[in-house]
Asks: 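Following this message is one structure expressed as structure tokens.
Note on naming: letters A, B, ... go to the chains in the order of the sequence lines (proteins, then strands), and numbering restarts at 1 for each one. These numbers were taken from a predicted model, which means no experiment stands behind them.
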Amino acid sequence: MNKRHLLALAFVVSLALFLIACSKKEETTEQPAETTTAVQPTPIDQSTVGEVTGKVSFDGTKPKPHQIMMDQDPACVKAHGGKPVYAEDDEVNGNGTLPNVFVYVKSGAENYTFAAPSDPVVLDQKGCMYDPHVLGVMVDQTLKVVSSDPTTHNIHPMPKDNREWNMSQPPGAAPIEQKFARPEIMIPVKCNQHPWMRAYVGVVKNPFFSVTGSDGTFSIKGLPPGTYTVEAWTAVGGTPQTQDQTVTIGPKESKTVDFSFKAAS
Amino acid sequence: MASTVLTPPKHRAPSKSDSIGGNGHGWDGDGFGGGRGEPSPAGRPIPLHAYRMGMYMALAAILMVFAAFTSALVVRRGISNDWVPTALPGLLYLNTVILLASSATLELSRRALTAGRGEAFAQWLYATLVLGLAFIGGQLLAWRELVARGVYLSTNPSSSFFYLLTSAHGIHLLGGIGGLIYLVLRARRIVSAAKQRTIVEIAALYWHFMDGLWIYLLLLLTVRS
Amino acid sequence: MALAVALVVTLITLISVGIFVAKVYWFPVDISTHGAAMDHQFLLTLIICGVIFVAAQLGLAYFVWRYRDKGDGRKATYSHGNNKLEATWTIAAAIVFIGLNFLGYNIWAKMHFTGAAPGALKIQVQAQQFAFYFRYPGPDGEFGPTHLEKVDDAIGNFFGLDRAHDQASKDDIVTATLGIPVNRPVELILRSQDVEHSFFVRELRMQQDIVPGMEIPIHFTATEEALKHNGGRYEIVCTQLCGLGHYKMRAFLQVMTEQDYEKWLQTQAAAQ
Amino acid sequence: MAEAHAPTAHAQHAPQGFIRKYIFSLDHKVIGKQYYFLALFSVFVGLLLSILMRWHLVWPDAHIPLLDKLSPVGAPGGLMTPEYYLSLMTMHGTIMIFFVLTTAPQSGFGNYFLPIQIGAEDMAFPRLNMLSFWVTLAALLTLLSSFFVSDGPPLAGWTAYPPLSAVGSVSGPGEGLGQDLWVISIALFCVGALLGALNFIATTLELRTRGMKLMRLPLTCWAWFITAIVGLLSFAVLFAAGVLLLLDRVGGTSFFVPAGLIVSDKILSNHSGGSPLLYQHLFWFFGHPEVYIAILPGMGITSHILSCFSRKPIFGYRAMTYSLMAIGFLSFTVWGHHMFVSGMSPYTAFAFSVMTMAIGVPSAIKTFNWLGTLWGGRLRLTTAMLFSIGFVSLFVSGGLSGLFLAQPPVDVNLHATYFVVGHFHLVMGVAAIFAMFGGTFYWFPKMFGRMMNETLGKIHFWLTFVGVYAIFMPMHYLGVEGNVRRYSTFIDDFMQPLLPVHKFMSIWAFIVGGAQLIFIFNLFWSMFKGEKAGINPWESTSLEWTVPSPPPHDNFAGKIPVVYHGPYEYGVPGAEKDYIMQDSPEVVAESH
């Protein structure tokens with residue numbers, strides 16, 4: 001090998017590398033912070049805990065219920081005996097309160113850590129509708145999806161911060177068990193084969209959440225004394241909206257927090 | 001290299017010469033006994049024009065890749081209402097001149113080799129290599145200019161095609177640069193052995209093709225609808 | 001062995017052809033005005049192919065049997081071919097194949113080279129993973145615009161209509177069944193919300209891919225025959241691979257008399 | 001370029017050491033075997049997938065044993081999910097088309113026998129040859145690795161139409177990493193195929209021995225040569241399509257993804273005005289020639305075997321070569337017949353239809369010439385011959401159904417039904433595989449120095465021949481009935497009466513699948529225990545039968561042959577024997 005040639009070649013190549021290095025765009029990749037350490041629950045003095053209860057009312061004209069068309073899957077039509085079915089997001093209780101509102105402690109409980117309960121939260125598919133429509137799970141708690149329908153569903157949560165998955169569940173198949181690793185309000189869940197089907201899953205770090213039922217009330221128990229921001233989330237009328245309230249709880253105190261929503265335009 | 005000698009038929013010779021029908025190289029006239037390359041691993045040398053043929057075929061494949069990109073561009077531009085032409089960096093024209101110059105220097109190098117001027121051959125080869133690298137560097141600078149303007153790969157179909165075509169061409173040219181580096185390293189042996197010159201010719205073929213391809217791409221990217 | 005080959009090939013040929021001749025399996029009923037010509041073209045092709053099929057397979061069977069090596073020391077016929085024979089079958093094949101194609105030209109032209117008849121009933125078909133939805137323009141004959149951000153499957157706004165603001169959207173009727181009147185030209189405008197789908201109604205002799213980013217019109221007229229079978233209800237299936245629910249992606253076509261259709265449409269309108 | 005300077009010190013000697021000899025070998029014969037065994041492995045994976053599919057189709061509630069071990073997500077408890085079915089289908093198609101049909105007859109047999117048949121000591125570029133194999137293997141491993149990614153293997157079909165294949169995991173399982181791996185695998189495969197093709201072309205054109213005029217090439221060589229040209233031009237286009245698809249997936253470009261898509265309630269705002277049809281055009285510009293890439297080598301092998309065992313020259317050698325060329329050329333003009341219902345211009349559809357009918361003509365010529373070859377012959381019904389006769393029968397059956405699909409007004413009702421599945425499986429799948437079996441039985445003695453067992457071979461042939469008709473013929477009837485393909489379960493009432501037909505087909509699929517074990521046993525048993533083969537057990541004429549079995553490292557042991565005759569001089573009147581070898585200087589007055 002000719003040394004002079006080698007030298008010249010090395011020079012040329014390093015020049016090229018230098019040029020390339022100069023023109024390289026600077027890139028910074030964000031590494032999402034991930035905590036993998038096992039959760040050690042913070043001890044809470046059960047003798048001092050209080051609770052937050054309340055009611056969510058609906059203000060204004062009721063949204064016109066949207067009838068759901070299930071024609072393409074006769075199994076779904078049959079499950080309802082041919083009766084019309086309406087979208088759950090349009091539901092308002094007879095007493096003017098709102099069902100399906102997810103109320104949870106948004107902030108104030110950061111100093112505590114909680115272990116996820118070992119019991120799964122069950123989401124059923126019944127008559128090509130999700131039951132319940134709105135539900136909460138804790139981070140790393142198992143969500144167990146079962147089906148009571150004689151037709152195939154697919155369960156497709158569409159999270160922003162969590163891992164997306166999409167799985168079919170033919171009739172008779174085993175329940176699907178999945179966990180969410182990060183808190184997220186709210187993860188919409190869809191069945192693509194019955195596009196009207198929708199559930200909302202709230203993933204929270206603490207056990208302080210509740211969903212309003214047919215009386216529009218909620219109650220969050222076991223709160224240690226402190227100041228909290230309580231948020232209510234609803235998708236009434238189809239568009240999600242939230243409201244926050246701050247509440248301070250003394251030892252063994254029970255406070256009432258009420259919310260009132262209008263249908264989002 | 002005994003095996004290169006044609007073994008005569010052992011039985012009786014063919015009565016008519018045309019029953020052999022000449023050699024098999026119907027398309028090349030002088031096939032079997034043509035240039036001798038280096039021995040293939042199996043022993044017999046691969047005729048040099050096989051290398052040329054191989055290069056033609058490689059170029060045909062490359063041509064098809066770019067033909068596919070071209071038709072994609074033409075169709076995509078034709079159907080879309082989202083096509084916003086990307087103003088090309090002026091640097092590209094300088095790069096073009098550099099690349100054309102590299103073809104010229106490669107030709108000079110080749111002539112020097114034919115004339116037996118080994119030193120000039122190597123020098124012009126260096127010049128070609130430097131110009132080739134300068135072209136690549138220039139292309140990267142042109143990309144930087146676009147990025148500075150906020151034009152990225154996914155900004156617009158026209159910019160997508162710009163990055164696609166320039167990088168596809170650039171990668172192929174880098175292959176050519178690899179070839180040039182190889183020639184530089186072997187410059188001495190090439191000068192001393194006339195048989196080695198085919199390598200230079202094949203490298204030049206590739207290089208000029210890349211040159212022509214670039215001109216074509218530049219026209220494709222600049223001509224509006 | 002030669003006899004076995006000849007017998008098996010013959011048997012396969014006869015069974016294959018026999019099932020077609022006996023029409024054990026055949027197209028479902030034809031409910032469109034254009035279907036008869038297509039079925040006829042199919043039949044014509046079947047006959048021509050059938051003849052070639054039988055001739056070639058039986059020829060093969062016969063040759064294998066007839067020219068088997070019987071061990072009698074006979075030498076094979078030394079022949080490099082027969083130019084005349086080859087030219088003959090080349091030309092014959094070309095005429096038959098290409099001629100057949102031109103016979104089908106008119107059918108294709110009628111379906112695709114002309115648009116729908118003026119006054120045809122316009123219906124939009126929207127495909128999505130994994131359902132079809134249909135939109136009728138309502139009395140004003142106009143489809144309201146689609147607003148992507150308004151699309152919400154959970155409340156049934158598949159087309160992204162803004163009924164509060166868009167005049168044309170107010171009377172649009174969205175359904176999950178494709179109801180059509182009999183004997184009236186229908187123009188479907190196919191579009192997709194997400195991936196490729198396809199619209200296939202076997203009885204209508206109609207199949208068309210639905211390509212996102214395109215609106216593809218197809219047109220047809222359902223005949224009286226449609227009312228006679230299955231209560232006028234036919235399956236619309238998706239035939240383009242569209243994801244995990246592909247096999248379940250379907251809807252129903254309901255062919256009705258003109259009066260029934262009007263009534264049905266009113267019921268649908270009331271449910272909006 | 002890398003080939004232009006292969007410095008090998010002791011060139012004439014065969015490499016020593018296991019690795020150089022069998023793994024990173026430059027010997028075209030070893031590479032040919034490597035390709036063959038790669039295809040053999042792939043065909044069994046593909047076959048297994050199809051058996052799982054047939055199982056699920058007729059017993060949708062069945063819990064398939066061990067399947068949950070392979071994929072706990074795709075088949076929880078062994079119950080196959082619809083998405084897993086589609087994944088199996090996608091992988092079956094991809095593996096069979098690329099790694100079996102494109103690999104074995106062309107790269108496998110072609111690599112082994114093209115150089116020997118033209119009287120060359122190796123391919124023109126041995127290093128490139130080795131590279132192309134390793135790239136192909138990398139492609140296969142990449143593809144198979146998608147079975148083990150978290151959201152499952154890709155399910156967009158072997159055609160991978162966008163937007164489904166382009167918008168990522170939002171469009172469903174398998175469309176995340178699995179689809180990325182699929183695209184990368186295909187791109188790699190293209191590179192391997194291109195390298196192989198240019199090597200084949202250069203070898204055929206440049207390395208023919210003295211006297212081996214183009215018109216003296218065996219039809220196998222012609223087929224490999226034309227296939228290489230078709231492959232060179234078409235794989236380049238697939239490569240481009242793959243690059244564009246990958247950019248749409250990961251680079252956020254919009255070549256194929258249109259604006260305003262809402263997938264699973266999510267507005268895809270990062271794409272604008274791309275065209276899914278553009279992808280289809282690029283894909284089928286490759287995809288249709290690909291069909292011929294799969295079948296042309298099979299035609300060559302079949303012609304070769306038919307002539308040999310009919311003891312008769314091939315009927316119309318020139319017509320055979322010209323029709324190969326015509327098919328090769330026309331294959332680039334017919335891709336639109338896959339797109340009659342795709343939404344492309346109906347006028348174009350008609351033009352494509354005419355070209356498609358035209359390509360039927362050279363195919364018909366070939367069929368007639370095969371029959372003409374049998375006519376007046378003295379047929380030796382060896383297993384290889386039986387498979388070749390089977391090839392002709394299957395090619396006729398599958399080819400004729402193409403005449404239906406080539407006509408747009410007929411295709412409308414058959415498109416995307418089982419009619420199409422039956423058509424292409426017969427004409428390109430099974431027929432090509434029959435050619436591979438024929439080639440295996442014919443060339444096994446040369447490749448391994450031993451004979452395969454004829455009795456096992458014949459049992460295998462009969463089960464397979466009857467079986468494939470029992471599987472694929474009924475598909476035509478189902479298609480006419482309107483049975484749509486790519487459905488994992490038949491849920492509609494419409495399909496219930498047809499289910500017994502599916503059961504019939506499935507059971508035959510299991511039988512045929514099982515029968516392949518006979519072949520595998522025969523192959524490996526014969527490799528070690530088979531009867532020793534002589535130089536020319538079939539009394540064949542082409543050059544590979546002039547050298548020992550298996551051939552020495554440089555094929556001819558330094559004695560390069562000279563060719564005096566065409567490849568099919570069987571039954572020559574006045575000749576000493578029943579045949580004249582290509583390199584025999586014997587002159588016969590009436591020859592030609």
Asks: Check the surroundings of atom NZ in K84(C): do more than 12 heavy atoms from other residues, nucleotides or ligands lie under 6.0 Å from it?
Replies: no
Asks: What part of L386(D) is in contact with chain C, defined as an atom under 4.5 angstrom from a non-hydrogen atom: side chain, backbone, both or neither?
Replies: side chain
Asks: Less than 4.5 Å to any heavy atom of chain D: does that hold for the side chain of N82(C), its backbone, both, or neither?
Replies: both
Asks: Which region of F368(D), side chain (C-beta onward) or backbone (N, CA, C, O), has a non-hydrogen atom less than 4.5 Å from a non-hydrogen atom of chain C, or is it both or neither?
Replies: both
Asks: Pick one of side chain, backbone, both or neither for R485(D), based on which atoms fall under 4.5 Å of a heavy atom in chain C.
Replies: backbone
Asks: Which answer fits Q41(C), side chain, backbone, both or neither, if we ask what part of it has an atom under 4.5 Å from a heavy atom of chain D?
Replies: both
Asks: Can you tell which part of W462(D) gets under 4.5 Å to a heavy atom of chain C, answering side chain, backbone, both or neither?
Replies: side chain
Asks: Using a cut-off of under 4.5 Å for heavy-atom pairs, which of S397(D), G372(D), A358(D) has the most such pairs with chain C?
Replies: S397(D)
Asks: Please state whether the side chain, the backbone, both or neither of I91(C) comes within less than 4.5 Å of a heavy atom of chain D.
Replies: neither
Asks: Using heavy-atom distances under 4.5 Å, tell me whether I314(D) contacts chain C through its side chain, its backbone, both, or neither.
Replies: backbone
Asks: Could you tell me which portion of V257(D) (side chain, backbone, both or neither) has an atom closer than 4.5 angstrom to a non-hydrogen atom of chain C?
Replies: neither
Asks: Taking side chain as everything from C-beta outward and backbone as N, CA, C, O, which of these in V8(C) sits under 4.5 Å from a heavy atom of chain D? Side chain, backbone, both or neither.
Replies: side chain
Asks: Using non-hydrogen atoms and a 4.5 Å limit, figure out which bit of A166(D) sits close to chain C: side chain, backbone, both or neither.
Replies: neither
Asks: Does the pair Q280(D) and E196(C) meet the rule for a side-chain contact (heavy atoms from CB on, under 4.5 Å), with working shown?
Replies: CA-CA 11 Å; Q280(D) 294 184 24; E196(C) 287 227 7; 2.7 Å; yes
Asks: Assess whether side-chain contact (heavy atoms from CB on, under 4.5 Å) is satisfied between F200(C) and V341(D), documenting all intermediate values.
Replies: CA-CA 10 Å; F200(C) 183 31; V341(D) 303; over 6 Å; no
Asks: Of the backbone (N, CA, C, O) and the side chain (C-beta and beyond), which part of K248(C) lies under 4.5 Å from a heavy atom of chain D, both, or neither?
Replies: both
Asks: Check whether L100(C) gets within reach of chain D through its side chain, its backbone, both or neither, counting any heavy atom under 4.5 Å.
Replies: both
Asks: Which bit of M89(D) is near chain C, if near means a heavy-atom gap under 4.5 Å: side chain, backbone, both or neither?
Replies: side chain
Asks: Check whether C49(C) gets within reach of chain D through its side chain, its backbone, both or neither, counting any heavy atom under 4.5 Å.
Replies: both
Asks: Is the NZ or CZ atom of R250(C) both under 6.0 Å from the centre of the six-membered ring of F494(D) and within 45° of that ring's axis?
Replies: no
Asks: For P409(D) and M38(C), work out which heavy atoms get closest and say how close.
Replies: O-CE, 3.1 Å
Asks: With side chains defined as the heavy atoms from C-beta onward, is the minimum distance between T356(D) and F97(C) less than 4.5 Å?
Replies: no
Asks: Based on non-hydrogen pairs under 4.5 Å, which of P408(D), A364(D), G343(D), P82(D) is most in contact with chain C?
Replies: P408(D)
Asks: Kindly say whether F27(C) contributes a backbone atom to a donor-acceptor pair with the side chain of E481(D) at under 3.5 angstrom?
Replies: no
Asks: Select one option (side chain, backbone, both, neither) describing which atoms of E86(C) are under 4.5 Å from chain D's heavy atoms.
Replies: side chain
Asks: So which part of V24(C) gets closer than 4.5 Å to some heavy atom of chain D, the side chain, the backbone, both or neither?
Replies: backbone
Asks: Using heavy-atom distances under 4.5 Å, tell me whether V410(D) contacts chain C through its side chain, its backbone, both, or neither.
Replies: side chain
Asks: In terms of heavy-atom contacts, does NE2 of H229(C) have more than 12 from other residues, nucleotides or ligands at under 6.0 Å?
Replies: yes
Asks: Check for a donor-acceptor pair, side chain of R202(C) on one end and backbone N or O of G482(D) on the other, with a separation under 3.5 Å.
Replies: yes
Asks: Would you call the rings of W89(C) and F315(D) parallel, tilted or perpendicular if under 30° counts as parallel and over 60° as perpendicular?
Replies: tilted
Asks: Got a donor-acceptor contact below 3.5 angstrom from the Q193(C) side chain to the L261(D) backbone?
Replies: no
Asks: Check each atom of L498(D) against the heavy atoms of chain C and say whether the ones under 4.5 Å are side chain, backbone, both or neither.
Replies: side chain
Asks: Are H80(C) and Y317(D) near enough that their ring centres are under 6.0 Å apart?
Replies: no
Asks: At a 4.5 Å cut-off on heavy atoms, which part of Y570(D) comes close to chain C: side chain, backbone, both, or neither?
Replies: backbone
Asks: Are V412(D) and R205(C) packed together at the side-chain level, in the sense that at least one heavy-atom pair is separated by less than 4.5 angstrom?
Replies: no
Asks: For A4(C), which atoms come within 4.5 Å of any heavy atom of chain D: side chain, backbone, both, or neither?
Replies: both
Asks: Is the closest side-chain heavy-atom distance between L46(C) and F404(D) below 4.5 Å?
Replies: yes
Asks: Which bit of I267(D) is near chain C, if near means a heavy-atom gap under 4.5 Å: side chain, backbone, both or neither?
Replies: side chain
Asks: Please assess S393(D) against Q57(C) for the test side-chain hydrogen bond (donor to acceptor under 3.5 Å, both in side chains), listing each intermediate value before the final yes or no.
Replies: CA-CA 6 Å; S393(D) 171; Q57(C) 299 284 14; 2.9 Å; yes
Asks: With chain C, which of Q407(D), K312(D), E83(D), E175(D) has the greatest number of heavy-atom pairs at distances under 4.5 Å?
Replies: Q407(D)
Asks: Between A470(D) and chain C, with a heavy-atom cut-off of 4.5 Å, which part of the residue counts as in contact: side chain, backbone, both or neither?
Replies: neither
Asks: Evaluate Y161(D) against V195(C) for side-chain contact (heavy atoms from CB on, under 4.5 Å), listing each step before the verdict.
Replies: CA-CA 9 Å; Y161(D) 278 9; V195(C) 301; over 6 Å; no
Asks: Just so I know, are the side chains of L244(C) and P173(D) near enough to count as touching, which here means a heavy-atom distance under 4.5 Å?
Replies: yes
Asks: Taking P346(D), A416(D), P162(D), P497(D) one by one, which has the highest count of heavy-atom pairs under 4.5 Å against chain C?
Replies: P346(D)
Asks: Quick one, F465(D) and V5(C) - any side-chain contact, counting heavy atoms below 4.5 Å?
Replies: no
Asks: What pair of heavy atoms forms the shortest contact from P163(D) to D194(C), and how long is it?
Replies: CG-O, 3.6 Å
Asks: Does W158(D) have more than 12 heavy atoms from other residues, nucleotides or ligands lying within 6.0 Å of its CH2?
Replies: yes
Asks: With respect to chain C, which residue among D265(D), T159(D), L371(D), V170(D) yields the maximal number of heavy-atom pairs within a distance under 4.5 Å?
Replies: L371(D)
Asks: Would you check if P573(D) and K75(C) make a side-chain contact, meaning some heavy-atom pair closer than 4.5 Å?
Replies: no
Asks: Q129(C) and S171(D): which non-hydrogen atoms are nearest, and at how many Å?
Replies: NE2-O, 3.0 Å
Asks: Under 4.5 Å from any heavy atom of chain D, what part of I52(C) do you find: side chain, backbone, both or neither?
Replies: both
Asks: For the candidates P258(D), G174(D), S345(D), G376(D), which exhibits the highest count of non-hydrogen atom pairs separated by less than 4.5 Å from chain C?
Replies: G376(D)
Asks: Side chain, backbone, both or neither: which part of S310(D) has a heavy atom under 4.5 Å from chain C?
Replies: backbone
Asks: If I measure from the heavy atoms of chain D, does M1(C) come under 4.5 Å with its side chain, its backbone, both, or neither?
Replies: both
Asks: With a 4.5 angstrom heavy-atom cut-off, could you sort out which part of V237(C) is near chain D: side chain, backbone, both or neither?
Replies: both
Asks: One pair to check against side-chain hydrogen bond (donor to acceptor under 3.5 Å, both in side chains): D209(C) and S342(D). What are the steps and the verdict?
Replies: CA-CA 5 Å; D209(C) 279 4; S342(D) 71; 5.5 Å; no
Asks: Where does Y105(C) contact chain D at under 4.5 Å (heavy atoms): side chain, backbone, both or neither?
Replies: both
Asks: Classify the ring geometry of Y477(D) against Y25(C): parallel below 30°, tilted from 30° to 60°, perpendicular beyond 60°.
Replies: parallel
